[in-house]
There are 2 protein chains.
Amino acid sequence: MQAGILIIGDEILSGNVQDTNSSFAARLLFSNSIPVSRVLAVSDTEEGIREGLSWLYDKVDLLITTGGLGPTKDDITKAAIASFFNSELIFNTDVYETLRERFAKRGKTLNELNKAQAMVPAVAEVIPNDVGTAPVFWIEQNNKVVITLPGVPSEMRFLLEHVLLERLKAKFVHRQILQKTVHLIGIPESDLAMKIAGVEKKIEDSCSPDEKYKLAYLPDMGTIRLQITGTGDDRHKLDHEIEYFKEEIKTAAGKYIFGYDHDILATHIGKLLKDRDTTLSTAESCTGGYLAHLVTSVTGSADYYQGSIISYDNSVKVKELGVKQETLDQFGAVSEETCREMLEGCLKKFDTTYVMATTGIAGPTGGTEGKPIGVVWIGVSSKYKMNVRRYHFDRNRLENIHLFSITALDMLRKLILGLE
Amino acid sequence: MQAGILIIGDEILSGNVQDTNSSFAARLLFSNSIPVSRVLAVSDTEEGIREGLSWLYDKVDLLITTGGLGPTKDDITKAAIASFFNSELIFNTDVYETLRERFAKRGKTLNELNKAQAMVPAVAEVIPNDVGTAPVFWIEQNNKVVITLPGVPSEMRFLLEHVLLERLKAKFVHRQILQKTVHLIGIPESDLAMKIAGVEKKIEDSCSPDEKYKLAYLPDMGTIRLQITGTGDDRHKLDHEIEYFKEEIKTAAGKYIFGYDHDILATHIGKLLKDRDTTLSTAESCTGGYLAHLVTSVTGSADYYQGSIISYDNSVKVKELGVKQETLDQFGAVSEETCREMLEGCLKKFDTTYVMATTGIAGPTGGTEGKPIGVVWIGVSSKYKMNVRRYHFDRNRLENIHLFSITALDMLRKLILGLE
């Protein structure tokens with residue numbers, strides 16, 4: 001069974017909008033044992049849509065289109081769909097009534113453009129769309145299914161996940177796909193590959209005509225996701241095998257693992273803090289709020305996170321964090337000494353169990369010979385232990401800020417767990 | 001002239017990695033008058049690559065592939081390329097020597113896998129890759145060009161922009177494409193469409209057999225980009241016309257425009273503050289550092305941004321910002337009164353020209369009947385004027401945080417410009 005996704009929109013082809021629909025749909029479908037084999041983006045012209053439809057339809061069992069259904073573009077997609085299936089557009093009373101009622105509730109009446117939305121390809125089953133006005137069609141022919149979804153990400157996501165997924169699974173899922181992820185930080189990909197070479201061998205050796213297993217490395221700006229995928233008929237057996245591989249990876253590289261599956265680093269740290277009934281505050285300079293943002297992006301972070309002093313200007317370091325003017329004069333803001341005093345000041349001010357501090361040069365300006373762009377001092381501390389370390393990253397401003405921040409989170413993780 | 005992009009990688013099709021290469025490449029090529037008409041993602045198998053190559057090669061003049069060139073996958077892509085062009089893999093001394101020297105510099109010798117990287121399709125011209133070890137090929141046949149690029153975004157971007165672009169332009173660009181963008185905030189798309197209906201008409205009417213103009217609406221989480229694209233032979237004429245349309249849009253909706261082309265809101269505000277020799281600080285609650293991050297994501301923000309108190313816990317609001325305990329008890333943390341006291345406390349503490357404050361409920365937990373999820377009080381202030389307003393957004397946690405923050409930036413923009 002194979003699925004294909006057709007992304008319709010000139011804004012994607014000009015690079016002005018980053019398509020995220022295909023990635024969301026692919027992940028959702030894949031994790032529900034419906035693998036996507038091709039994703040194609042085409043122009044929102046009848047010619048472009050038709051070409052994409054006909055190429056993909058030949059190759060896949062399920063074809064999902066997104067986009068090209070905006071109010072001014074209705075006719076294009078509908079016409080392309082209708083023409084592709086040698087069908088005609090007919091007036092659908094249900095669609096019309098639903099639209100009329102929805103408009104009436106807001107005290108509005110339908111104009112001609114809205115009325116035209118009730119014209120649908122005769123070949124299509126109309127799927128009720130409670131989250132928008134774009135028409136959603138389910139067309140089933142020759143044991144293949146074509147679905148049209150709107151391009152607005154929130155609508156597309158809701159419809160695929162909550163309205164269509166169960167029906168798709170019932171129709172298409174016979175063979176199971178199971179996937180689990182191990183998240184690691186603080187180890188280069190090549191070193192990790194050396195450490196888990198034995199596990200990789202076992203994963204290969206476990207493949208049989210009935211079950212296939214695969215290991216993928218997905219490095220992402222300082223972290224690595226190791227993804228184990230199993231395909232077969234027996235979900236229980238796949239699960240058992242993958243769990244075994246996970247344990248083997250844990251034995252080989254446990255120190256670098258911070259989570260599994262949907263965990264992200266900040267969520268993991270939230271759990272560690274909550275489980276221990278501890279609290280956290282931060283003192284940021286170069287990360288300028290991004291470190292606090294990572295911490296507070298986690299639902300429920302108010303339970304352990306108190307707050308932050310963002311001391312972007314040196315005067316704030318002195319006044320709010322008690323960094324000594326002499327320290328700044330002698331060693332500079334980007335120094336071990338300043339980082340230590342920021343940690344001390346933060347502990348004193350917020351009286352939390354743990355604190356984190358960053359002071360560095362994110363770039364692209366501000367570097368000097370002794371302290372080039374990308375240099376940062378990162379510190380974590382409790383009342384009993386303080387770890388401060390110098391790092392040097394080599395990316396653009398936003399990437400450096402991200403790397404500084406996740407490195408701080410990793411240092412905190414190790415401090416909490418007593419790993420260093 | 002049409003270009004196509006072939007994205008190679010199972011990690012894209014499983015949705016585990018968001019492809020950003022095609023968007024970058026499409027934008028870069030489009031803005032250099034090389035329009036991309038199709039983007040296709042396929043599996044990193046020889047079959048998948050071959051299928052994608054042959055379909056796109058038929059339809060486009062320039063075909064760029066990315067991915068599938070990792071050390072363990074070399075042979076697949078190279079074999080697929082060689083087989084597609086009925087070519088064979090031959091040993092390339094230059095590639096071998098370059099690799100050997102690069103490894104020698106790091107005190108390493110080439111292993112068998114590395115040596116195999118010097119095998120290249122006989123049909124290909126090898127493009128020197130100074131930023132990685134993946135082979136980059138330029139294959140020109142029947143007046144068509146195929147280029148293979150690595151999938152690592154930083155390598156792909158560098159090679160396309162700095163190594164290949166000029167050569168591509170020399171070969172392909174005969175007709176000019178010019179694009180300009182107007183950024184707006186604080187107006188719904190439909191209202192904007194009403195306001196600029198006259199300009200839209202003029203843009204349509206300006207199209208002739210020699211020049212085409214097009215207006216696109218690109219809404220993006222609270223902001224709208226209006227994009228005007230002109231295609232023709234005379235770049236000067238296109239530029240003149242597009243500038244005229246920009247002026248017309250300014251007349252119709254100038255109040256909502258915050259920038260042009262590569263401007264983002266935070267950059268625009270940075271310019272406003274710098275031009276006036278003024279300073280800024282922030283007091284954040286629900287945005288948890290994200291507002292400060294937007295401000296400090298701008299290079300040079302240290303010139304005007306002093307710092308922030310992130311008062312995630314109410315005790316920090318009292319202690320650091322001087323919010324009265326009675327205010328919190330009587331009106332709650334999410335209230336106009338608390339927001340006002342946060343602004344006052346922030347002004348007092350940092351003594352900056354302007355301050356911003358946020359206090360709200362990002363969700364998905366923490367809502368009450370009177371103060372549901374997505375409700376936020378946002379305030380901006382100088383010593384002379386304070387604007388505080390209640391908003392209600394209806395998104396997920398991270399989207400709400402983003403909307404709260406850009407709304408704060410927009411309120412600051414209007415305060416600085418005296419618009420409200």
Side-chain angles (χ1 to χ4, degrees), chain A residues 10-20 22-28 30 35-43 48 55 179 216 218 220 225 227 229 284 288-293 295-297 299-302 305-313 315-316 320 350 364-366 397-398 401, chain B residues 10-20 22-28 30 35-43 48 55 179 216 218 220 225 227 229 284 288-293 295-297 299-302 305-313 315-316 320 350 364-366 397-398 401:
Chain A
D10 284 345
E11 72 280 13
I12 306 293
L13 294 176
S14 66
N16 283 310
V17 169
Q18 167 76 56
D19 158 52
T20 55
S22 63
S23 178
F24 174 87
R27 197 166 52 241
L28 181 69
F30 188 87
V36 171
S37 59
R38 293 157 189 88
V39 177
L40 174 63
V42 296
S43 172
W55 187 69
Q179 191 168 65
L218 306 171
D220 179 26
R225 285 183 287 166
Q227 203 153 61
T229 308
E284 297 186 58
Y290 187 74
L291 178 56
H293 168 60
V295 172
T296 59
S297 65
T299 303
S301 47
Y305 186 64
Q306 295 285 304
S308 182
I309 302 293
I310 302 180
S311 55
Y312 220 58
D313 196 78
S315 65
V316 181
E320 296 301 324
F350 290 105
T365 56
R397 180 177 182 84
L398 289 179
I401 290 172
Chain B
D10 284 345
E11 71 280 13
I12 306 294
L13 294 176
S14 65
N16 283 309
V17 169
Q18 166 75 56
D19 159 51
T20 56
S22 62
S23 177
F24 174 87
R27 197 167 52 241
L28 181 69
F30 189 88
V36 170
S37 59
R38 293 157 188 89
V39 178
L40 174 63
V42 296
S43 172
W55 187 70
Q179 190 168 66
L218 305 171
D220 178 27
R225 285 183 288 166
Q227 203 153 62
T229 308
E284 297 185 58
Y290 187 76
L291 179 56
H293 169 60
V295 172
T296 59
S297 65
T299 303
S301 46
Y305 186 64
Q306 295 285 303
S308 182
I309 302 292
I310 302 181
S311 55
Y312 220 59
D313 196 79
S315 65
V316 182
E320 297 301 323
F350 291 104
T365 56
R397 180 177 182 84
L398 289 179
I401 290 173

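Letters A, B, ... mirror the listed sequences (proteins, then strands); counts begin at 1.
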Exercise for review: Mind checking side chain to side chain donor-acceptor pair (under 3.5 Å) for B:Thr296 and listing every partner two or more places apart, or none if nothing turns up?
Suggested key: none
Check your understanding: When you measure from the side chain of B:Arg38 to the backbone N and O of A:Ser43, does any donor-acceptor pair fall under 3.5 Å?
Key -> no
Review point. Backbone N or O of A:Val17 within a donor-acceptor pair of the B:Arg27 side chain at under 3.5 Å?
Key: no
Could you measure the distance from the [atom1] atom of [X] to the [atom2] atom of [Y]? Nearest 0.5 Å is fine.
X: B:Ile309; Y: A:Ser308; atom1: CD1; atom2: OG; result: 8.5 Å
X: B:Asn16; Y: A:Thr229; atom1: CG; atom2: OG1; result: 7.0 Å
X: B:Gln18; Y: A:Ser22; atom1: CD; atom2: OG; result: 6.5 Å
X: B:Ser14; Y: A:Gln227; atom1: OG; atom2: CD; result: 5.5 Å
X: B:Arg225; Y: A:Glu11; atom1: CZ; atom2: CD; result: 10.0 Å
X: B:Ile401; Y: A:Ser297; atom1: CD1; atom2: OG; result: 7.0 Å

Grab the two heavy atoms, one from [X] and one from [Y], that are nearest each other, plus how far apart they are.
X: A:Ala292; Y: B:Gly289; value: CB-CA, 4.2 Å
X: A:Arg397; Y: B:Ser301; value: NH2-OG, 3.6 Å
X: B:Ala26; Y: A:Gly15; value: CB-N, 3.8 Å
X: B:Thr299; Y: A:Pro364; value: OG1-CD, 3.1 Å

Point to revise | Part of A:Ala216 within contact of chain B (heavy atom distance under 4.5 Å) | key: neither
Review point. What part of A:Phe30 lies closer than 4.5 angstrom to a heavy atom of chain B: side chain, backbone, both or neither?
Key: side chain
Exercise for review: Return the set of residues passing ring-ring contact (aromatic ring centres under 6.0 Å, His included) with B:Phe350 (not counting sequence neighbours), or none when no residue passes.
Suggested key: none
Revision key, fill the gap. Ranking B:Tyr305, B:Trp55, B:Phe24 by heavy-atom pairs under 4.5 Å to chain A gives rank one to B:Trp55
Point to revise | Interface residue of largest heavy-atom contact number with chain A, from B:Ser37, B:Ala25, B:Ser311, under 4.5 Å | key: B:Ser37
Check your understanding: Is any side-chain heavy atom of B:His293 less than 4.5 Å from a side-chain heavy atom of A:Ile310?
Key -> no
**Study point:** Side-chain heavy atoms of A:Leu40 within contact of B:Val39, under 4.5 Å
**Key:** no
Review point. Which region of B:Val316, side chain (C-beta onward) or backbone (N, CA, C, O), has a non-hydrogen atom less than 4.5 Å from a non-hydrogen atom of chain A, or is it both or neither?
Key: side chain
Review point. Can you say whether B:Asp10 sits under 4.5 Å from chain A via the side chain, the backbone, both, or neither, judging by heavy atoms?
Key: side chain
